[in-house]
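Presented below is the structure to which this report refers.
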Number of protein chains: 2
Amino acid sequence: MARVGLTVDRLARAGAELADEVGFEHVTVSELARRFDVKVASLYSHLKNSRDLKTRIALLALEELADRAADALAGRAGKDALIALANVYRDYARAHPGRYAAAQFRLDPETAAASAGVKHAQMTRAILRGYNLTEPDQTHAVRLLGSVFHGYVTLEMGGGFSHSAPDSEETWSRTMDALDALLRSWPAPSTTTG
Amino acid sequence: MARVGLTVDRLARAGAELADEVGFEHVTVSELARRFDVKVASLYSHLKNSRDLKTRIALLALEELADRAADALAGRAGKDALIALANVYRDYARAHPGRYAAAQFRLDPETAAASAGVKHAQMTRAILRGYNLTEPDQTHAVRLLGSVFHGYVTLEMGGGFSHSAPDSEETWSRTMDALDALLRSWPAPSTTTG
DNA sequence: CAATTTGCCTAACACTTTTAGGAAAATGTA
DNA sequence: TACATTTTCCTAAAAGTGTTAGGCAAATTG
């Protein structure tokens, strides 16, 4: 009966490590209990249910990611800042694939609103200060950057870029060049479409 | 004992429908059996295991998506083709979220190589014929387009763009403008980085 | 030190996955 | 048509996960 000293925070941290080892989708309350050498039911004093666990891991990952992003952005502007932020996501995903997947976990709206997730959009927006974009375009650009960062990282992790010739490192650097060029001369809306 | 007439194809199709209803991650062999009014064990005459089921749903989705992409691309070139292909992914994801998620399912290398997945890269490459890109750059561009399509669709489906002001429809159209502009004047590699 | 709260336990139930072995239906063959 | 084989579905059962209920001992509080 000696108490192990479980807390939601320790569970979330251990859950994050577990996610990195076995993949976020295979994180299980049972396995977590096993790692603490404790019976499964005991975790239910700390967690509402297994979704609660996943949510906490997601929040942890979002927080870690936001911290790193803030560090990376400090003192940088323009393309330098763009590259730094992009690398934060990519490096994090490679070092912590389970946590990165967790950060993508669909949170309910209130939880999401209170999460570090909102900081990410703000930091992406901060990058755009170095470029000359005014309001509606700024939001479009934030969304595009988010799409590229997330899309690239996801496809790369999934092995999508590992087969063919130019290595992913080079594509990544060229993608940064492309985004920088694009933001510098952001095109006006085409008349045919909008 | 009357035979229901199960086949792997029917199971995969029903699995795809189930995925659209409950989400790909909640597709379960048990639920599928229930829908055919058959005992769970019976499905194991047709499926190796639950991963097998998910693989078949993924292959089905990749195929459907490739067919639609091929149709959309027929007779189009340049920006027109770019928009058509991008819309195929987005529309498919919205109409069939479970199938779209299935298409992202990580297949083992041999299965992936034999899947319709390879056609997708080819079709994206086909779009670039309308732009003037030569070999290493063409691959970089294919990867960038893939990243944007997938990233945008994923974030949009996850509700990431539903809160703030300019609606997602507008951002989408501006994203198409941006990609077209980018492909038209694809930047040379920056000297500092590569 | 007594009272209360908290943390972990056992027990139990529901559900999913998967294997083994049987019986009836479908199919092929003489 | 009659018989042999294969296929499809079944029952039974084991193992794993999620979750709730209720209990007892440890920690905390007054």
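We use all heavy atoms of the structure for the numbers below, so side chains are in, but hydrogens, waters and symmetry mates are not. So that the names make sense, note that chain A is the first sequence line, chain B the second, and so on, each numbered from 1.
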Query raised in the report: For dT16(C), does OP1 or OP2 lie under 4.0 Å from any side-chain N or O of Arg34(B)?
Result: yes

Query raised in the report: Listed in order of residue number, which residues of residues 49-61 of chain A have a non-hydrogen atom at under 4.0 Å from DNA chain C?
Result: none

Query raised in the report: Between dT16(C), dA20(C), dA21(D), which nucleotide gets closest to the side-chain atoms of Ser30(B)?
Result: dT16(C)

**Report entry** Nearest-Å distance for atom pair CD/C1', residues Glu31(A) and dG18(D)
**Finding:** 15 Å

Query raised in the report: In whole Å, what is the span from the NZ atom of Lys39(B) to the C1' atom of dA20(C)?
Result: 18 Å

Requested in this report: Give one of base, sugar-phosphate or nothing for Ser42(B), where a contact means two heavy atoms less than 4.0 Å apart.
Outcome: base

Requested in this report: Give one of base, sugar-phosphate or nothing for Thr28(B), where a contact means two heavy atoms less than 4.0 Å apart.
Outcome: sugar-phosphate

Query raised in the report: For the side-chain contact (heavy atoms from CB on, under 4.5 Å) test, which of Asp177(A), Leu179(A), Ile127(A), Leu183(A) pairs with Lys79(A)?
Result: Asp177(A)

Report summary line: What one should report as the nearest heavy-atom pair of Leu85(B) and Ala69(B) is CD1-CB, 3.6 Å

Report summary line: Against the side chain of Arg3(A), the closest entry in dA27(D), dT17(C), dT7(D) is dA27(D)

Query raised in the report: Rounded to the Å, how far apart are His46(A) NE2 and dC8(C) C1'?
Result: 8 Å

Query raised in the report: Atom CG of Leu6(A) to atom C1' of dA27(D): distance rounded to whole Å?
Result: 15 Å

Query - Under 3.5 Å donor-acceptor, Thr111(B) side chain and Leu107(B) backbone - result: no

Report task. Measure the distance from NZ on Lys48(B) to C1' on dT19(C) and round it to the nearest whole Å. Result -> 14 Å

Query raised in the report: Does the separation of the ring centres of His96(B) and Tyr100(B) fall below 6.0 angstrom?
Result: no

Requested in this report: Please work out whether the ring planes of Phe105(A) and Phe24(A) are parallel, tilted or perpendicular, with thresholds of 30° and 60°.
Outcome: perpendicular

Query - His26(A) NE2 - dG18(D) P separation (whole Å) - result: 12 Å

Report task. Round to the nearest Å and state the distance from Leu47(A) atom CG to dT20(D) atom P. Result -> 12 Å

Query - Whole angstrom value for the distance that separates P of dG21(C) from OH of Tyr44(B) - result: 18 Å

Report task. Report which part of the nucleic acid Val38(B) touches: base, sugar-phosphate, or nothing (heavy-atom distance under 4.0 Å, all strands). Result -> sugar-phosphate

Query raised in the report: Taking the six-membered ring for Trp, is the centroid-to-centroid distance between Trp172(A) and Tyr152(A) below 6.0 Å?
Result: yes

Report task. Provide the closest heavy-atom pair for Leu182(B) versus Pro187(B) in the form atom of the first, atom of the second, distance. Result -> CD1-CD, 4.1 Å

